[in-house]
2 protein chains.
Amino acid sequence: MPNWLQMSTGTQLRRGRPGYDLQGILDVAVTVFNTHGYDATTMDMLAARLKLSKGAIYHHVASKEQLLELALDRALDALEEILEQSQDRGDAASRLAFLLEGAVGVLVRELPSVTLLLRLRGNSDVERTAMDRRRVFDKEVADLIAEAQRDGSIRTDIAPGVAERLLFGMLNSLTEW
Amino acid sequence: MPNWLQMSTGTQLRRGRPGYDLQGILDVAVTVFNTHGYDATTMDMLAARLKLSKGAIYHHVASKEQLLELALDRALDALEEILEQSQDRGDAASRLAFLLEGAVGVLVRELPSVTLLLRLRGNSDVERTAMDRRRVFDKEVADLIAEAQRDGSIRTDIAPGVAERLLFGMLNSLTEW
DNA sequence: GTCTATATTGAGATAGAC
DNA sequence: GTCTATCTCAATATAGAC
């Protein structure tokens, strides 16, 4: 079977008549956004990479910006789901441990879209909305760390903000590799 | 003296008739590039920020891309000068110490243009040329570290590439703050 | 050195046939 | 679901007066 392109998970389609679904388009878009940056990416680049005409892409998405929005939602949904699941996991230290482990898992599975999220500059409503969601997430994690510190379940000789920076600085630095 | 704008170092000019020199234009451009990213920055933004017409900017530079080029040259010139000065500073450990101290100094003085340098994606000849110069610099630092390790003047229980990553990861992380 | 036009073009998006 | 062709507009850059 030489004539097949890898589409989104579990899907395969004939080359030359790609027949992409949204996931397949999105996967490629996220990759190219990460390589060249969102602004420097043109629809022509995406079309070339997909071996599709530019026009065909618009059958799947309304705009270039929507591709960004979908990618950012993917990352944020995954992070927020971990946070959600951590809620009913006992004391603060247990919830924090679950959350950090989960966040690493998200990073492994969704590194490209998480990287996009971390590089936002707030140049549009879509970017600013995603940044807001990220800030809420960051805040809840900070609160959880503070709570665990009050518990005495993690060391308190580090200022709260510093502990958060260290933890997420570590995680975020993974995206540079 | 209410009616003055801060221009490049040591220069002041009347508001309304800005009379910028290249340095003043460049300082503002680098700031805006860092805020919104190079691609998302428009000449209209720069003009608004400078309180100048778009056309006037082209009296000082040939293109938007030249502004980027000048900024990157500024960062690279500063880094390379430190490397140059370190050459005749004795043994590898001394040269390395001088270089690291100097690199921190460059970061303090030229943080905005260094930040631009660290964020390049190689989307144009200008970007790729700057990335090449940076790679040469990185390589020379790596060699110096390797030499200091052979000397026995710094610990060798860390793999060479890792030591470099740690050192420059630390420095580069300063740009995130 | 700055201004107000205006020219140009690159890239996002649409229309309609297949 | 994809294609070709075209529309539209924003953004870079230029021209020429002050």
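The sequence lines fix the lettering, A, B, ..., with proteins before strands; numbering per chain opens at 1.
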Without placing hydrogens or testing angles, list every side-chain donor-acceptor pair under 3.5 Å for residues 65-72 of chain A, not counting sequence neighbours.
from: E65(A); atom 1: OE2; to: S124(A); atom 2: OG; distance (Å): 2.9
from: Q66(A); atom 1: OE1; to: A62(A); atom 2: N; distance (Å): 2.8

Sub-4.5 Å side-chain heavy-atom contact between F137(A) and L76(A): no
Cationic N near anionic O, under 4.0 Å, R135(B) to D138(B): no
Listed once per pair and sorted, the ring pair (Phe, Tyr, Trp, His ring centres under 6.0 Å) pairs that draw on residues 45-104 of chain B, sequence neighbours left out: none
Atom-to-atom span, CG of L50(B) to C1' of dC3(C) - whole angstrom: 15 Å
Relative orientation of the end axes in the helix from dG1(C)-dC18(D) to dC18(C)-dG1(D), expressed as an angle to the nearest 10° (five pairs per end): 0°
Interatomic distance where NZ belongs to K64(A) and P belongs to dG12(C) [whole Å]: 5 Å
Acceptor/donor pairs from residues 140-147 of chain A side chains to any protein atom, 3.5 angstrom cut, sequence neighbours excluded:
from: D143(A); atom 1: OD1; to: K139(A); atom 2: NZ; distance (Å): 3.1
from: D143(A); atom 1: OD2; to: K139(A); atom 2: NZ; distance (Å): 2.8
from: E147(A); atom 1: OE1; to: R95(A); atom 2: NH2; distance (Å): 3.0
from: E147(A); atom 1: OE2; to: R95(A); atom 2: NH2; distance (Å): 3.2

Residues touching DNA chain D, which here means a heavy atom under 4.0 Å, drawn from residues 54-62 of chain A: G55(A), A56(A), H59(A), H60(A)
salt_bridge(R128(B), D125(B)) N-O dist < 4.0 Å: yes
Contacts of V32(B) that satisfy side-chain contact (heavy atoms from CB on, under 4.5 Å) - sequence neighbours left out: V28(B), H36(B), T41(B), M45(B), L46(B), R49(B)
Distance, rounded to the nearest Å, where L68(B) contributes CG and dT12(D) contributes C1': 15 Å
Distance-only side-chain donor-acceptor flag, S94(A) / D91(A), under 3.5 Å: yes
